[in-house]
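Quick notes on the structure that follows.
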Amino acid sequence: MKRYTVTAALPYANGPLHIGHLAGAYLSSDIYVRYLRLMGRDVAYICGSDEHGAAITIRAKKEGTTPQEIVDKYNAQIKDTFEKLGVSFDIYHRTSAPIHHETSQEFFRILLKNGEFEKKTTEQYYDASANQFLADRYIKGTCPKCSHDAAYGDQCENCGSALSPTELINPVSSITGEKPVLRETSHWYLSLDKHADWLAEWIDTGKLNGEQHHDPKEWKNHVLGQCRSWVGDLQPRAMTRDLNWGIDVPPEVEGSEGKKLYVWLDAPIGYISATKQWAADKGKDWRPYWQDKDTKLLHFIGKDNIVFHCIIFPAILKATGDYILPENVPANQFMNLEGDKISTSRNWAVWAHEYVEDCAESVENHIDVLRYVLIKNMPEQKDSEFTWGNFQELNNTDLVGKYANFINRVLVLTNKYYDGAVPEFDASISVAGSQEEGTTSTYAAELKILHEKLVELTNFIEAYEFRAALKALIEISTLGNQFLQFNAPWKQIKTDENAVKVVMNLALQIVAVLSVASQPFLPFTSKKIRELLNLNDLQNGDLQNILATLEKGEALLSAGYTINKPTHLYTRIPDEVIEAQIDKLKNSRPQSIEYAPVKDETTFDDFTKIDLRTGTITAAEKVPKAKKLLKLTVDLGFESRTVVSGIAEFYEAENVLGQQVVLVANLAPRKLRGVMSEGMILMAENEKGELVFVSPAEGFGNGFVVK
RNA sequence: GGCGAGGUAGCUCAGCUGGUUAGAGCGUCGGAUUCAUAAUCCGGAGGUCGAGAGUUCAAGUCUCUCUCUCGCUACCA
């Protein structure tokens, strides 16, 4: 392989990063890329902000500002956070950049020219005063079937009929309240179905155009599973939208006015435009990084993005021609936090930018500690869990106890016995072996073992097994600790000074290896160890160099070389720091609960049209083939009703018997999953979407009016 | 309900194409040691591998059924 193009998922520029993001796509890619560079490989590490789409417009409206200000704010914040965390992108770009707009439009032009699009014209309602097309659910009107006057453009709530907006009588825009006009709108659909066959073969066998492109066994199980479940049923997908915040469809294309590119013809192409910008900045040619078959393309993402990176984007790349396809998409699953899902709206998260500030004082070497804990718990094969208790434990045992302690004891002894100089030694003197207590070994044999351990670590990285690689790193320090323990130089120094020189020289070589091997995982620590050893900062290719040196049986630090005095790389984290973080998390309420806005004013007369009655549930059963629905029988005193209610996630059928409820008694009946529902039970819903019955006082009686 | 991924020692997880007494780290118990940030090193205990059935000389590993968790999806009047 001549070169690598490594991408990390583009963060959406409408909020800050949390630990789940880091554990998902960014630390894994950063480890991999740092490793590639240390191996002297040619690599472009690409990322940037995804800055288009409706969510950003909506957020801008909510905050009373412009989309541009939103994306400027979060782009700057995210970029800053990545830098502080040591995520070593070659470029962190943004999709609002002109070069990206041009690149995306160019893709559109080529796809159009290649006949990959199918243009479909439909009539859609257009709100002239809001100056935009209206999505179906933003249109209200009178239902042609039951004359209900508040039917939505896709469905009538009253009779349950599926509608199309053009069927509505007297349609009204829910944005402005004005009458929308019908306008023809055309969109370009990518014919994904035409690509189904080669995609299926490519996913299943790794073959592309009859040649072996990659080994599917190297892909993760859950990634392959997802892909296979999608590739069987591919439909044409619209690649344009009627939006006002995004990339214009090329203006010379007929009917392009007001059309924007769909996010999947925008965001992933951001990888390419970012590469172009990076290449231009460096005076390089971008093309080989995306078009040369000797380039290995890798997408690091979270599991929510699998389908797009494994199906849709490859289809786009191949349909455009000239482009290479990803050789692997090592997607991670999700990281939970303290037993619960990470949630932005519930503010249940450890925010990266807050950690960077908060723990700078309380946790020594805090960035690398976080990196260590997140990598150690990376959700590689299944969802994983971050807890502050585990954070403390890993810091105190692995980093302080094993890793930093080993380095510290070597440096202390070297300074004590040899005034900081790497000792000369006699290679023929045998020492205790590091592998098992009571064995004897030689300097050369131990150096060989060290080399093997290092190779093992690199193999894990090559296989995208970063947790295992990190474990291998700690095992190198354990190897060192065992070696010291078995040889006990602090005793030996009194009896056999020459043997101690062999031991200490080798121990120093282990520290030197750690200074390099740590770099992909713990870059700040690596730099500090280099300083302690009085070595230069690492250069590209250094890992490859030390592997070659060790393989030849040569030392990394030569005798007589002088190192510095030790300092503590990590320190124990006391309980108070952890308790403070847990308190912070548990006391953090959502910054703003998203209360539903109060609806438009209504009249007393309108309100009295609704007939609310007290009732009691007398029978309940689950509706088959539905997760949320219970079929209930409600006693209204004068009659009994069958009601289907979406409460099965919160109430078991047997537990609602006898439950007193308030029922909307004059609601038009509607079929739900094949069962006719004759009314609606009133429920209160909180910000988490949890439902609870709204009930009269116990024993009040059935059939009475609620007003 | 459909599809996908998971359910392995107290905790966090490894176990590739089925093959000797099921592994690691942490925690726990016991011991050694003092160069080191009460860190290190050695040893012990601890699992009917979600449940049940089947295939096989042999199953954590394959098949079927069920069950729980997570994600996507349908369903919430």
Side-chain angles (χ1 to χ4, degrees), chain A residues 155-160 217 220-230 232-233 302-304 306-307 331 333-334 336 341 364 376-387 389-390 393-394 396-417 436-438 463 465 467-468 471 474-475 477-478 480-493 500 504 507 566-572 622-630 643-650 664 667-670 672-674 677-683 685 689 691:
Chain A
Q155 193 179 42
C156 173
E157 297 193 346
N158 192 29
C159 64
K217 281 182 190 154
K220 297 186 186 186
N221 269 344
H222 72 271
V223 174
L224 282 176
Q226 283 263 319
C227 292
R228 289 189 177 124
S229 77
W230 274 81
D233 181 36
K303 70 173 161 182
D304 47 342
I306 289 172
V307 176
Q333 308 240 22
F334 288 160
N336 295 322
K341 279 185 270 188
E364 179 73 27
K376 181 94 185 180
N377 293 306
M378 193 175 274
E380 289 177 333
Q381 303 294 344
K382 55 185 171 185
D383 290 356
S384 70
E385 171 115 355
F386 176 97
T387 65
N390 180 249
E393 185 180 285
L394 289 177
N396 293 356
T397 59
D398 286 2
L399 291 176
V400 175
K402 293 179 180 173
Y403 177 85
N405 182 43
F406 167 67
I407 294 166
N408 189 48
R409 54 204 299 215
V410 174
L411 299 199
V412 166
L413 289 172
T414 305
N415 275 289
K416 196 167 177 179
Y417 297 156
E436 204 179 333
E437 196 163 13
E465 293 177 28
R467 298 170 69 132
K471 196 176 167 195
I474 295 301
E475 277 169 6
S477 49
T478 294
N481 276 323
Q482 287 170 326
F483 186 65
L484 286 185
Q485 204 69 30
F486 298 156
N487 282 289
W490 49 91
K491 272 186 186 167
Q492 214 171 17
I493 192 75
V500 172
M504 290 313 301
T567 57
H568 288 172
L569 296 166
Y570 299 93
T571 55
R572 289 180 65 80
K622 254 199 120 214
V623 176
K625 299 187 181 183
K627 197 195 285 181
K628 297 186 182 177
L629 301 182
L630 287 186
V643 176
V644 178
S645 187
I647 58 173
E649 285 184 304
F650 305 99
V664 182
L667 192 65
R670 176 181 168 183
L672 287 168
R673 282 270 150 194
S677 177
E678 308 162 324
M680 178 172 112
I681 290 173
L682 295 193
M683 307 294 296
E685 181 178 17
L691 298 175

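Heavy-atom basis, side chains included; hydrogens, waters and symmetry copies ignored. Order of the sequence lines sets the chain letters (A, B, ...), proteins ahead of strands, with each chain counted from 1.
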- [ ] Check whether any side-chain N or O of A/Arg228 sits under 4.0 Å from OP1 or OP2 of B/rG4, and answer yes or no.
- [x] no

Open item on the list: B/rC13, OP1 or OP2 - any side-chain N/O from A/Lys471 closer than 4.0 Å?
Closed with: no

Task: Whole-Å C1' distance, B/rG2 and B/rA77 - done: 24 Å

Open item on the list: For B/rC26 and A/Lys402 - does any side-chain N or O of the residue sit under 4.0 Å from the phosphate oxygens OP1/OP2?
Closed with: yes

Open item on the list: Both A/Glu437 and A/Asp383 contact RNA chain B. Taking the nearest nucleotide for each, which residue is further toward the 5' end?
Closed with: A/Glu437

Open item on the list: Closest approach to the side chain of A/Asn408, judged atom by atom: which nucleotide of B/rA36, B/rU12, B/rA77 is it?
Closed with: B/rA36

- [ ] State plainly whether the residues A/Lys303 and A/Asp383 are in salt-bridge range, i.e. N to O under 4.0 Å.
- [x] yes

Open item on the list: Can you identify which nucleotide, out of B/rC76, B/rU40, B/rC35, has its nearest atom closest to the A/Lys628 side chain?
Closed with: B/rC76

Open item on the list: In whole Å, measure the gap between the P atoms of B/rG23 and B/rC16 for me.
Closed with: 14 Å

Task: Nearest listed nucleotide, side chain of A/Arg467, among B/rU33, B/rU37, B/rU12 - done: B/rU12

TODO: Return no unless some side-chain N or O of A/Ser645 is found under 4.0 Å from OP1 or OP2 of B/rA77.
DONE: yes

TODO: Hey, which sits more toward the 5' end of RNA chain B by its nearest nucleotide, A/Asp398 or A/Val412?
DONE: A/Asp398

Open item on the list: When you measure only distances, ignoring hydrogens and angles, does the side chain of A/Gln485 come within 3.5 Å of the base of B/rU40 through a donor and an acceptor?
Closed with: yes

TODO: Please state whether the phosphate of B/rC76, meaning OP1 or OP2, lies under 4.0 angstrom from any side-chain nitrogen or oxygen of A/Arg670.
DONE: yes

Open item on the list: Could you identify the nucleotide paired to B/rU28, looking across every strand shown and requiring Watson-Crick or G-U wobble geometry with both distances under 3.5 Å?
Closed with: B/rG44

TODO: Can you figure out which of B/rC42, B/rU37, B/rA36 approaches the side chain of A/Thr571 most closely?
DONE: B/rU37

- [ ] Looking only at side-chain atoms of A/Trp490, point me to the closest of B/rU8, B/rC75, B/rC35.
- [x] B/rC35

Open item on the list: From C-beta outward on A/Lys303, which listed nucleotide comes closest to its side chain: B/rC42, B/rG71, B/rU34?
Closed with: B/rG71

- [ ] Could you work out the separation of B/rA45 and B/rG4 based on their P atoms and round it to a whole Å?
- [x] 42 Å

- [ ] Kindly say if A/Asn221 contacts the phosphate of B/rG6, meaning a side-chain N or O under 4.0 Å from OP1 or OP2.
- [x] yes

Open item on the list: With a 3.5 Å limit on both atom pairs, tell me what B/rU37 is paired to, counting Watson-Crick and G-U wobble, or say none.
Closed with: none

Task: Between B/rG27 and B/rG71 - P atom distance, rounded Å - done: 32 Å

TODO: Select base, sugar-phosphate, or nothing to describe what A/Asn336 touches, counting heavy atoms under 4.0 Å on all strands.
DONE: nothing

Open item on the list: Under 3.5 Å, is there a donor on one side chain and an acceptor on the other for A/Arg409 and A/Gln485?
Closed with: yes

Open item on the list: Return the pairing partner of B/rC3 with a 3.5 Å limit on both distances, Watson-Crick or G-U wobble; otherwise return none.
Closed with: B/rG71

Task: CA sep, side-chain torsions, deciding dist, call: A/Val644, A/Arg673, side chain to side chain contact (heavy atoms under 4.5 Å, CB included) - done: CA-CA 9 Å; A/Val644 178; A/Arg673 282 270 150 194; over 6 Å; no

Open item on the list: Counting only side-chain heavy atoms from C-beta out, which of B/rC13, B/rU37, B/rG27 sits nearest to A/Thr397?
Closed with: B/rG27

Open item on the list: Can you tell me the base-pairing partner of B/rG60? Count Watson-Crick or G-U wobble geometry only, both distances below 3.5 Å, and say none if there is no partner.
Closed with: none

Open item on the list: Starting the side chain at C-beta, find the nucleotide from B/rC42, B/rU40, B/rC35 nearest to A/Asn481.
Closed with: B/rU40

- [ ] Would you mind telling me which of B/rC13, B/rA77, B/rU37 lies closest to the side-chain atoms of A/Met680?
- [x] B/rA77

TODO: With a 3.5 angstrom cut-off on both distances, give the Watson-Crick or G-U wobble partner of B/rA51, or none if there isn't one.
DONE: B/rU65

- [ ] Round to the nearest Å and state the distance from A/Leu484 atom CG to B/rA36 atom P.
- [x] 12 Å

